[in-house]
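The next block holds one structure in the form of structure tokens; read it before the comments.
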2 protein chains.
Amino acid sequence: MRPAALDWSVENCTIARAMAVLGERWTLVVLREVFNGVRRFDDMRVRTGIPRQVLTSRLAALVAQGVLRRVPYQEPGSRVRHEYRLTDKGLDLWPVLVAVLGWGDRYLADPEGSPLSVGHRGCDAEVRVTLRCAEGHEVNRPRDVLPRPGPGARRRTD
Amino acid sequence: MRPAALDWSVENCTIARAMAVLGERWTLVVLREVFNGVRRFDDMRVRTGIPRQVLTSRLAALVAQGVLRRVPYQEPGSRVRHEYRLTDKGLDLWPVLVAVLGWGDRYLADPEGSPLSVGHRGCDAEVRVTLRCAEGHEVNRPRDVLPRPGPGARRRTD
DNA sequence: GTTGCTGAGTCTGTCAATCAGACCTAGCCT
DNA sequence: AGGCTAGGTCTGATTGACAGACTCAGCAAC
């Protein structure tokens, strides 16, 4: 029983391309910090425990990718420094982060529960990731999710 | 202006724990394959281009984490071999994968679009990740998503 | 002028992981 | 016996992560 997917190329796969940006232990941890309002180098470093060199390298990569931008700030009595803020491209990673949080909460949390919650501005209710289809149905079971070739799909040539 | 998050520990953070499992370039690519029905070692290897040793190591880690399980199969004329199937824990990573796909499609796809689409069983409409709150509102803007300490949150001690 | 401070890096040496390429194993077949 | 093939393992080179130390550059105070 040969899976249909084998006939299709993964050369232009956007998951693989996204994971080339995100697929590393610390990147989403850095983004968690920025989403939480922690935007300065040393605050991030102390909070996350990431070695300086790795943090420098990650931040530079995220800036180069257009996920973060550097914004000058100056405390009284200090020189100009830079903090890191999300671009629109970066902000659009919220669903990824909430999805990872949901999975982590379900399978990896301590008995007292998650240390991080995400609320909805205005009503304050807990925000979660859901899967919905264009017809408006809520998709609750993984078995109702069916992968298929998309508009950019190409046949395999190897 | 000091972010409130600085007062809270990240020691038991479930995002960081999830990324300790997932936060590596190839893991989600492997999961993409399994979600697409490609479950055998050599098929995955050829499709993804992952070196054998890395693929072996990744698969073993995912089995150890309870995300995948090894299931024996036997083609006529061959010995028993194993393929890799998702556990419930693994199936629950669909929202993560669809979220990553959505971001990748938006920012990293070629002009002709995504090579992978996700349909809803029954109605066939495109499936997407959305953010919803417990009150039933759809949360469309990143600015309406507010992080806050969760039930397991602990004060910082350092 | 000097000295001290501190956030944000850079440097060095060690260790670990990735990678390419080659080799090995184990049931099946002839 | 040899051949096949899926699923590994091995070796050596390369690259990245990491710990710890060091550097730099504006500000302040003296």
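The sequence lines fix the lettering, A, B, ..., with proteins before strands; numbering per chain opens at 1.
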Please report, rounded to the nearest Å, how far the P atom of dA6(D) is from the CD atom of Glu75(B). 9 Å
Contacts of type salt bridge (charged side-chain N to carboxylate O under 4.0 Å, His left out), residue Arg85(A), not counting sequence neighbours: Glu83(A)
Tell me, please, the opening and closing nucleotides of DNA chain C, 5' to 3', among those with an atom under 4.0 angstrom from a non-hydrogen atom of chain A. dG7(C) to dT12(C)
One thing to verify: whether Arg156(B) and Glu11(B) come together as a salt bridge, which I'm taking to mean a side-chain N less than 4.0 angstrom from a carboxylate O. no
Assign each of Pro76(A) and Arg70(B) to its nearest nucleotide of DNA chain D by heavy atoms, then name whichever residue's nucleotide is nearer the 5' end. Arg70(B)
Give, ordered by number, those residues of residues 52-60 of chain B having at least one heavy-atom distance below 4.0 Å to an atom of DNA chain D; if nothing qualifies, reply none. Arg52(B), Gln53(B), Thr56(B)
May I ask you to decide if Met44(B)'s main-chain N or O and Thr48(B)'s side chain share a donor-acceptor pair within less than 3.5 Å? yes
In whole Å, what is the span from the CD atom of Glu83(B) to the C1' atom of dG7(D)? 14 Å
By salt bridge (charged side-chain N to carboxylate O under 4.0 Å, His left out) - contacts of Arg17(B) (at least two apart): Asp110(A)
From dC27(D), dC18(D), dG7(D), nucleotide with atom closest to Arg81(B) side chain: dG7(D)
When you measure from the side-chain N and O atoms of Tyr73(B) to the phosphate of dG7(D), is any distance below 4.0 Å, counting only OP1 and OP2? yes
Please tabulate, for the side chains in residues 60-71 of chain B, all donor-acceptor contacts under 3.5 angstrom to protein atoms that are two or more places apart in sequence or on a different chain.
residue	atom	partner	partner atom	Å
Arg70(B)	NH1	Tyr84(B)	OH	2.9
Arg70(B)	NH2	His82(B)	ND1	3.2

Interatomic distance where CZ belongs to Arg79(B) and P belongs to dG8(D) [whole Å]: 9 Å
With ring-ring contact (aromatic ring centres under 6.0 Å, His included) as the rule and sequence neighbours excluded, what pairs involving residues 20-54 of chain B come up? Phe35(B)-Trp94(B)
Nearest-Å distance, CG (Asp42(B)) to P (dT5(D))? 11 Å
So does Trp26(A) get a side-chain nitrogen or oxygen closer than 4.0 Å to the phosphate oxygens (OP1/OP2) of dC18(D)? yes
Mind checking what makes salt bridge (charged side-chain N to carboxylate O under 4.0 Å, His left out) contact with Glu126(A), not counting sequence neighbours? Arg128(A), Arg148(B)
For Arg25(B) and dG16(D), give me the distance from atom CZ to atom C1', rounded to whole Å. 14 Å
Can you tell me how far P of dG26(D) sits from NE2 of His82(A), to the nearest Å? 12 Å
Taking salt bridge (Lys or Arg N to Asp or Glu O under 4.0 Å) as the cut-off, I'd like each qualifying pair that reaches into residues 93-109 of chain B, sequence neighbours left out, listed once. Asp92(A)-Arg106(B)
For Asp7(A), enumerate each residue passing the salt bridge (charged side-chain N to carboxylate O under 4.0 Å, His left out) test, keeping only those at least two apart in sequence or located in another chain. Arg2(A)
